[in-house]
Amino acid sequence: MKKALAALLSMTMVLGFTGCTGENNEGTVFDTAFSAKDAIKIEDIDWNVTESVMDGERYLSFNYTNNSDYTILDIEMEFTQKSDVTAEQLSVFDELKAEREWTDEEVADIYILGYNRKCAEPGETVSDSPCCINGTYTIVETIEQYEIMEPDMATIAFIGKDGKGYAVYYDFKTQTYGESSQGGQDLQEWSDSEISKLLPKAEAPAINVSSDDEDCFYFYAYGVSRETFEKYVEAVKSNGFTEVGFESSTSYRATNADGIEAHITYTTVEEKMTGCVERE
């Protein structure tokens, strides 16, 4: 699944999580009773790409309505250039080509990644998520750049009926489905370490612990509203982190009486909260 799978493994939620239910030759347990590719079909995703504005900047947004029976955690859709694209049509990338000093071959390989990492309950519509060039932080700004593309591959991460996270892939070219070989993944990671106890346990549809040792505890929580983030910050303050180093509408950094620092941040476009507590 190339970059889409890699992004799900490293940037978002379910595929990198641990925990399962049946066993492989290394002792890892997988759920073999549930078929992700039979649970959600591409027709269940009413998606579109529209022009939008965020913070005064124009961009193309990937939006969708979840018409499936499952809570969707993340969707990524890769758009590649149509087979009959001409050199004249590729001129929509001339500004980027000059800025990045790209060759004609590199321009011919440009693709667009549409993604939306906001959790969507059945029947819910989510929007305002920028499309990007080549899976980077370069935002797609014009509809003309999108119009020379066509959908190539989609990745859908969702919560199964067993509460675990699954991923299904759809190939638009061959009209075939696949699913992650990792099976169902635990969506509620946390820790019993001493340092993790300094933070209140986060509540979210999906939580991933990325670092946990005697000096540092780091987690990501997905599907978090701004209200939930604000309540969590207040709970962190109640846990003694009151010596404020920095505070804004999306970030709170403070130390406690022992000089241990907590840092909580919120990313609106992904509805993601990041939390960290560490000793200096």
Tell me whether Asn134 contacts the main-chain N or O of Tyr111 through its side chain, where contact means a donor paired with an acceptor under 3.5 Å. yes
Using atom types as modelled and distance alone, determine if a side-chain donor or acceptor of Gln81 lies under 3.5 Å from a backbone N or O of Val107. yes
Strictly by ring-ring contact (aromatic ring centres under 6.0 Å, His included), give each pair with a member in residues 247-280 just once, sequence neighbours left out. Phe229-Tyr266
Return the CG to OG distance between Leu60 and Ser129, rounded to the nearest 0.5 Å. 11.5 Å
What's the separation between atom CZ in Arg253 and atom OG in Ser248, rounded to the nearest 0.5 Å? 10.5 Å
Taking it one step at a time, do Ser61 and Ser52 satisfy side chain to side chain donor-acceptor pair (under 3.5 Å)? CA-CA 6 Å; Ser61 174; Ser52 191; 5.3 Å; no
Mind checking whether Met273 and Thr267 have side chains closer than 4.5 Å, heavy atoms only? no
For Glu76 and Arg117, run salt bridge (Lys or Arg N to Asp or Glu O under 4.0 Å): C-alpha distance rounded to whole Å, both residues' side-chain angles, the deciding distance at 0.1 Å, then the answer. CA-CA 8 Å; Glu76 292 191 351; Arg117 309 197 194 286; 2.7 Å; yes
Name of the residue among Glu230, Glu247, Glu243 meeting salt bridge (Lys or Arg N to Asp or Glu O under 4.0 Å) with Lys237: Glu247
Axial cation check for Trp102 ring with Lys97, 6.0 Å and 45° limits: no
Side chain Asp109, main chain Glu106, donor-acceptor under 3.5 Å: no
Does the ring center of Phe79 lie less than 6.0 Å from the ring center of Trp47? yes
